[in-house]
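Below: one structure, written as structure tokens.
Bear in mind that the values here come from a model prediction, so they are computed numbers and not experimental data.
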Amino acid sequence: EAGVAQSPRYKIIEKRQSVAFWCNPISGHATLYWYQQILGQGPKLLIQFQNNGVVDDSQLPKDRFSAERLKGVDSTLKIQPAKLEDSAVYLCASSLDLSTEAFFGQGTRLTVV
Amino acid sequence: AQTVTQSQPEMSVQEAETVTLSCTYDTSESDYYLFWYKQPPSRQMILVIRQEAYKQQNATENRFSVNFQKAAKSFSLKISDSQLGDAAMYFCAYSDNYGQNFVFGPGTRLSVLP
């Protein structure tokens, strides 16, 4: 069974530029999560989708971050414009449904210079 | 808001020995889920063990077991017969009964000494 796929693995951009990350969850998984993990810290949930609807985006900085899951399958997370403090690993995870085990991708390491 | 605390930034254990990682949390809910995740250097987060708060029996998965103390809001992870492959960051996490309000602790870095 294929796992959660994320791309790119690494990205370096200058501050004020835009960047987008892509996630393809495990086939059949209804719930999709985006997390931000700053170096030395635990992951912080940015947004949680159930199919193509948003369940929780309370910690998403909506002035610069956006995410979509239009067809209820893959998802993109965008940052526009990026700030230095956005440097982190962005993890995508998926689960069959709410409250079932979440499977994580390998993440995208973003460096903003 | 729910919080998860891991008071041990780093721990080490001798190979084949037993180690316990601590976790405390704060919630006003009575039903919720607790998790331990392992994150090796490859960055991929792997679920180690999960506990439903309504279950009094402590969850176990092979060499991994938890000590769930609901009244004390404590959820420690015991690793028995430690192996070199157990070396990783370990994160304690909480979610509510609906699988929402997911919160991770700051993590404990576990080293396994040969």
Discussion item. Which one wins on heavy-atom pair count under 4.5 Å against chain B: A/Arg109, A/Gln59, A/Lys44?
Written reply: A/Arg109

Part of [X] within contact of chain B (heavy atom distance under 4.5 Å):
X: A/Ala102; result: both
X: A/Val55; result: both
X: A/Gln37; result: side chain
X: A/Gln48; result: side chain

Taking side chain as everything from C-beta outward and backbone as N, CA, C, O, which of these in [X] sits under 4.5 Å from a heavy atom of chain A? Side chain, backbone, both or neither.
X: B/Glu52; answer: neither
X: B/Asn101; answer: both
X: B/Phe35; answer: neither

Worksheet item: Does any non-hydrogen side-chain atom of B/Thr3 lie less than 4.5 Å from one of B/Tyr25?
Response: no

Discussion item. Do B/Phe75 and B/Asn67 make a side-chain contact, defined as non-hydrogen atoms from C-beta onward lying under 4.5 Å apart?
Written reply: no

Discussion item. Under a 4.0 Å threshold between the charged nitrogen and the carboxylate oxygen, would A/Arg16 count as salt-bridged to A/Glu14?
Written reply: no

Worksheet entry | Electrostatic pair B/Arg63:B/Asp86 at N-O distance under 4.0 angstrom | yes

Is the distance between the ring centroids of [X] and [Y] less than 6.0 Å?
X: B/Tyr32; Y: B/Tyr54; result: no
X: A/Phe104; Y: A/Tyr35; result: yes
X: B/Tyr37; Y: B/Phe91; result: no

Discussion item. Heavy-atom pairs under 4.5 Å with chain A - which of B/Arg109, B/Gln6, B/Arg50 has more of them than the others?
Written reply: B/Arg50

